[in-house]
Amino acid sequence: MKCKIVLNNDFKIGDVDPRIYSGFIEHLGRAVYEGIYEPGHPEADEEGFRSDVINLVRELDMPLTRYPGGNFVSGYNWEDGVGPRDSRPVRLDLAWKALEPNSFGTNEFMNWCKKARTSPIMAVNLGTRGPAEAQALVEYCNHPGGTHWSDLRHSHGWQKPHDVKLWCLGNEMDGPWQTGHKTAVEYGRVAAESAKMMRWTDPSIELVACGSSHPGMPEFGQWEATVLEHTYDLVDYMSIHRYYGNQNDQTPGFLAMSDEMDRFIKNTVAACDFARAKLKKKKRIMLSFDEWNVWFHSHGSNANSPDWSFARPILEDVYTMEDALLVGSLLITLMNNADRVKIACLAQTVNVIAPIMTRKGGGAWRQTIFYPFSLSSANGRGTVLRQSVESPSYETVFGTATDGKPEKLEGVPYLTSSAVIDPKSGETTLFAVNRSLDKELELTVELQNIEATKILGWSVLHNSNLKAVNTESVEAVKPCEVSGAALRKGKLTLKLSPASWNMIRLGA
Ligand code: AHR
């Protein structure tokens with residue numbers, strides 16, 4: 001099958017905000033305990049942080065890491081996790097039916113971020129708590145000293161402020177599963193008052209309001225508009241979340257879901273811009289896609305771990321080759337929405353629906369989805385070009401997303417792609433996924449007004465077994481460098497293997 005892309009350096013979508021390659025660590029399952037923090041592990045440093053995990057997180061090069069949740073944050077007392085460890089309380093975590101010992105908290109997270117070369121996005125609890133506690137946390141983290149909460153930080157051993165620049169006003173507040181679930185008006189009001197007090201405490205911070213938990217939510221669209229009626233001038237970003245699954249083993253439909261992500265983004269932008277028009281505002285609200293990933297393998301597996309236990313091994317999806325194809329395609333969609341999506345967090349980072357897995361007392365390894373993420377993060381920074389794409393297409397039914405109903409889809413292109421020019425190096429990088437499970441795509445890329453005379457590399461992620469997984473000892477899915485592409489007189493030609501993720505780097 002033949003397909004074609006035309007690129008022209010004059011036609012741009014926007015600059016990639018590197019923060020779209022961010023991650024997420026929640027107090028959930030073995031993400032914190034046995035994930036990033038395991039005192040006594042042979043790789044643990046003096047603070048109990050696993051250095052093997054830190055090295056893998058550095059490879060992912062995540063500018064931000066969201067913390068401490070997720071659903072967890074909506075019942076969290078941040079004060080439980082600071083100060084001397086032996087006086088921190090053990091609590092029931094209602095969100096995940098687990099025991100929370102609080103031996104890891106805000107200050108430990110800040111230290112871990114520095115070591116992992118990431119920066120925090122902190123979420124505040126607007127489920128069971130409100131503006132006063134959110135303000136106190138900003139004061140604890142960001143105020144230099146001489147006040148109750150900043151002096152408490154000093155007394156805990158952290159003299160310098162943590163200077164946290166980004167804050168989420170709660171988590172998935174539209175969801176009935178959320179501790180302290182709210183209506184749009186209830187949430188809009190509490191978010192506005194919290195935002196005011198947090199900004200008064202530190203005017204340099206940026207704030208993310210909670211959008212819909214997924215596009216199937218009954219109030220999707222209206223929720224965003226109502227929340228913004230209360231918060232428009234006080235927030236910078238609207239959050240969106242989305243998880244994808246292949247429960248019915250309908251791989252063509254599953255692989256089409258990056259197109260559904262595109263529609264979700266554009267619909268959320270429309271809802272935010274509706275509020276902008278109605279409220280007669282100049283500012284545009286940007287999107288923070290602060291939870292996204294494949295999540296379905298572990299559904300129903302919680303029964304294997306008793307409720308109210310510590311570090312329950314839950315949500316431990318083991319990812320396949322086809323999951324890596326979708327994650328690569330979702331990253332392509334994020335790049336192609338660079339004008340409005342400024343933050344995106346792969347949910348999550350370690351053990352819990354994560355690119356990195358660990359064994360208690362044992363190794364740490366890269367899941368299949370690690371690779372499209374790390375390579376996109378390393379090479380997908382710069383200016384995204386608008387593409388003109390011709391590709392044969394197929395008809396399918398979307399795989400079943402977390403919210404359910406299969407949907408018939410026509411005209412899904414076999415090729416999904418993005419093109420990024422790095423203004424510093426002048427390199428052009430093309431990301432391309434062939435969604436056909438059995439046919440090669442013969443791709444021609446016409447490069448107009450782009451300085452590219454040589455192929456610097458072509459990385460391919462492919463395994464003919466779409467269900468292949470990586471384990472602690474075997475890496476069945478990893479990228480390899482291939483040859484066979486040609487670049488002549490501004491025309492790149494290459495053949496994309498069926499069911500493959502590709503990254504082609506071109507230089508002047
Ligand atoms: O990432 C797992 C969970 O998914 C998060 O806690 C929640 O925000 C979402 O529903």
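Every number for a ligand or one of its atoms is a count from 1 in the order of the listing. Predicted model, so just to flag it, every value in this text is computed and none were measured.
Looking from atom 9 (C) of ligand 1 to the surrounding protein, the closest heavy atom is E291 OE1, 3.0 Å. In terms of protein heavy-atom proximity, atom 10 (O) of ligand 1 is nearest to E172 OE1, 2.7 Å.
Ion pairing of D15 with R381 is absent here, as no side-chain N (NZ or NE/NH1/NH2) approaches a carboxylate O to less than 4.0 Å. Checked for salt-bridge contact, E322 and R435 miss the test: no charged N lies under 4.0 Å from a carboxylate O. Using a 4.0 Å cut-off between charged side-chain N and carboxylate O, D45 and K115 make a salt bridge. The pair K266-D262 meets the salt-bridge criterion, with a side-chain N (NZ, NE, NH1 or NH2) lying under 4.0 Å from an Asp/Glu carboxylate O. The existence of a salt bridge linking R66 and E26 is excluded, since no basic side-chain nitrogen approaches an acidic carboxylate oxygen closer than 4.0 Å.
V327 is listed as a side-chain neighbour of V294, based on a closest heavy-atom distance under 4.5 Å.
Neither the backbone nor the side chain of F72 comes within 4.0 Å of ligand 1, counting heavy atoms alone. Residue contacts with ligand 1 for W292 are absent, since no atom lies close enough (heavy atoms, distance under 4.0 Å). At a heavy-atom distance under 4.0 Å, only side-chain atoms of N171, from C-beta outward, approach ligand 1.
The distance from ligand 1 to the heavy atoms of N71 drops below 4.0 Å at these ligand atoms: 5 (C), 6 (O), 7 (C), 8 (O), 10 (O). Atom numbering of ligand 1 starts at 1 in the shown order; those under 4.0 Å from a heavy atom of W96 are 3 (C), 6 (O). Atoms of ligand 1 lying under 4.0 Å from any heavy atom of G70, numbered from 1 in the order shown and given with element: 5 (C), 6 (O), 8 (O).
Below 3.5 Å of separation, one finds an N or O of E26 facing an N or O of ligand 1.
Assignment of I353 to the shell around ligand 1 is supported, since a heavy atom sits closer than 4.0 Å.
No more than 12 heavy atoms of other residues, nucleotides or ligands lie within 6.0 Å of NZ in K360, so this atom counts as exposed by the packing criterion.
With sequence neighbours excluded, the residues forming a side chain to side chain donor-acceptor pair (under 3.5 Å) with E193 are R189, K196, listed by chain and number.
Distances from atom 1 (O) of ligand 1 to the heavy atoms of W295, W177, Y243 show the closest one on Y243.
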